[in-house]
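Some notes on the structure that comes next.
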Amino acid sequence: MQANNIVDYEINSTKISGVYKGAEMNRYAKVDVVNNFDSVFLRGKQTHYMRSDKANLQGDIIKFVSNAKYENNESMVFSSQEILYNKKNKTISSKVPFVATQNTDKITGKSADYDLNKKQLSAKGIKAWIEQER
């Protein structure tokens, strides 16, 4: 099945908690593939934004491919050519080079995991530029 100009809303009994958009979606037996994926969703007091040229949705995992980017309303920006978002665990990860920034701090590295709930980044092969005075 194929659909164009998709908008999907995540709704609970009191509010819209997420909006997911795509230019084109193709549904296969085990995966949905969305081109020009863009999303915004609320979790607690945080607003999260995720986008990429292509997204593969399979179960609890969304694989963002090509120009993948995660942002939140606390100035955290994480970008890579591939990001995995685990909806169940509320984590994002990248096994390929990435750049993460928050305010004036910047980290580049070979791979990373970021816990959206704990707001903790674990990374390998990093170079970091950290503002010392807060």
Side-chain angles (χ1 to χ4, degrees):
M1 178 180 92
Q2 180 180 348
N4 295 314
N5 300 317
I6 303 112
V7 179
D8 184 29
Y9 296 94
E10 185 177 343
I11 302 171
N12 65 27
S13 61
T14 59
K15 65 181 177 182
I16 297 173
S17 59
V19 179
Y20 308 90
K21 299 178 182 179
E24 176 183 278
M25 181 191 81
N26 291 291
R27 175 161 280 176
Y28 301 99
K30 296 185 179 187
V31 65
D32 293 337
V33 178
V34 181
N35 293 323
N36 298 319
F37 186 86
D38 192 10
S39 65
V40 59
F41 54 97
L42 306 172
R43 297 292 180 265
K45 294 180 180 180
Q46 276 195 309
T47 305
H48 305 273
Y49 307 89
M50 297 189 82
R51 65 185 61 87
S52 64
D53 294 344
K54 184 171 124 178
N56 300 324
L57 294 77
Q58 188 171 15
D60 287 332
I61 305 295
I62 302 175
K63 182 178 181 180
F64 296 91
V65 181
S66 185
N67 298 311
K69 190 173 197 177
Y70 163 82
E71 297 180 64
N72 68 30
N73 61 322
E74 295 177 343
S75 302
M76 173 64 168
V77 179
F78 186 95
S79 57
S80 180
Q81 286 303 305
E82 183 178 291
I83 295 174
L84 298 176
Y85 172 54
N86 186 313
K87 296 186 291 184
K88 184 177 180 181
N89 298 338
K90 308 295 187 261
T91 58
I92 61 172
S93 62
S94 182
K95 303 301 179 209
V96 299
F98 72 93
V99 175
T101 60
Q102 187 165 27
N103 301 313
T104 59
D105 299 341
K106 179 179 179 179
I107 297 172
T108 63
K110 293 183 178 182
S111 65
D113 297 300
Y114 180 68
D115 187 311
L116 277 63
N117 293 326
K118 295 178 183 176
K119 303 176 188 174
Q120 292 179 340
L121 177 70
S122 302
K124 294 181 181 178
I126 68 163
K127 293 181 182 178
W129 297 263
I130 307 296
E131 181 182 316
Q132 296 235 345
E133 200 172 308
R134 299 252 181 225

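Just so it is clear, the structure is predicted and the values come from calculations on it, not from any experiment.
The two residues Val34 and Leu57 have their closest heavy-atom pair at CG2-CD1, 3.7 Å. Closest approach of Lys95 to Asp113, counting heavy atoms only: NZ-OD1, 3.6 Å. The heavy-atom pair separating Met50 from Tyr70 by the smallest distance is CG-CD1, 3.7 Å.
Between Lys87 and Asp60, none of the side-chain N atoms (NZ, or NE/NH1/NH2) sits under 4.0 Å from a carboxylate O, so this pair counts as no salt bridge. A salt bridge links Asp38 with Arg51; the closest basic N to acidic carboxylate O contact falls under 4.0 Å.
In this structure, the side chain of Glu71 does not engage the main chain of His48 through any donor-acceptor pair within 3.5 Å. The backbone N or O of Ala23 lies less than 3.5 Å from no partner atom in the side chain of Asn36, so there is not a single donor-acceptor pair. Distance alone, capped at 3.5 Å, is enough to place a donor-acceptor pair between the Asn86 side chain and the Lys88 backbone. A donor-acceptor distance shorter than 3.5 angstrom exists from the side chain of Ser94 to the backbone of Glu82, with no hydrogens or angles considered. Looking at Thr91, its side chain never comes within 3.5 Å of a backbone N or O of Asp115 through a donor-acceptor pair.
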Query raised in the report: Does the pair Asn67 and Gln81 meet the rule for a side-chain contact (heavy atoms from CB on, under 4.5 Å), with working shown?
Result: CA-CA 5 Å; Asn67 298 311; Gln81 286 303 305; 3.7 Å; yes
Report task. Before giving the answer on side-chain contact (heavy atoms from CB on, under 4.5 Å), spell out for Tyr85 and Ile61 the whole-Å C-alpha distance, their side-chain angles and the decisive distance to 0.1 Å. Result -> CA-CA 6 Å; Tyr85 172 54; Ile61 305 295; over 6 Å; no
Report task. Please lay out, stage by stage, how Phe41 and Tyr9 fare under the test ring-ring contact (aromatic ring centres under 6.0 Å, His included). Result -> CA-CA 9 Å; Phe41 54 97; Tyr9 296 94; over 10 Å; no
Report task. Using the side chain to side chain donor-acceptor pair (under 3.5 Å) rule, take Asn56 and Gln58 through it: C-alpha gap first, then chi angles, then the decisive distance, then the call. Result -> CA-CA 6 Å; Asn56 300 324; Gln58 188 171 15; over 6 Å; no
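For the pair Ser52 and Lys69, the minimum side-chain heavy-atom distance is 4.5 Å or more. Within the 4.5 Å cutoff, the side chain of Ile92 has heavy atoms near those of the Leu116 side chain. No side-chain heavy atom of Lys21 sits under 4.5 Å from any side-chain heavy atom of Ile6. Proximity of Met25 to Gln2: side-chain heavy atoms (C-beta onward) are nowhere separated by under 4.5 Å. No side-chain heavy atom of Thr47 sits under 4.5 Å from any side-chain heavy atom of Asn72. Tyr20 places a side-chain heavy atom less than 4.5 Å from the side chain of Glu10. Between Asn73 and Gln46, some side-chain heavy-atom pair lies under the 4.5 Å cut-off.
The line from CH2 of Trp129 to OG1 of Thr104 is 13.0 Å long, rounded to the nearest 0.5 Å. Rounding to the nearest 0.5 Å places CG of Asn12 at 9.5 Å from CG of Leu42. Note that the CG atom of Leu121 and the OG atom of Ser93 stand 11.0 Å from one another [nearest 0.5 Å].
A side chain to side chain donor-acceptor pair (under 3.5 Å) with Glu74 is found for exactly one of Lys45, Gln102, Lys119, namely Lys119. Test Lys63, Arg27, Lys54 against Asp32 for salt bridge (Lys or Arg N to Asp or Glu O under 4.0 Å) and you get one pass: Arg27. None of Tyr49, Phe64, Phe98 except one satisfies the ring pair (Phe, Tyr, Trp, His ring centres under 6.0 Å) rule with Phe78; the exception is Phe98.
Linking Ile, Leu, Val, Met, Phe, Trp and Tyr residues whenever their side-chain heavy atoms come within less than 4.5 Å leaves Phe37 and Val19 in two separate clusters.
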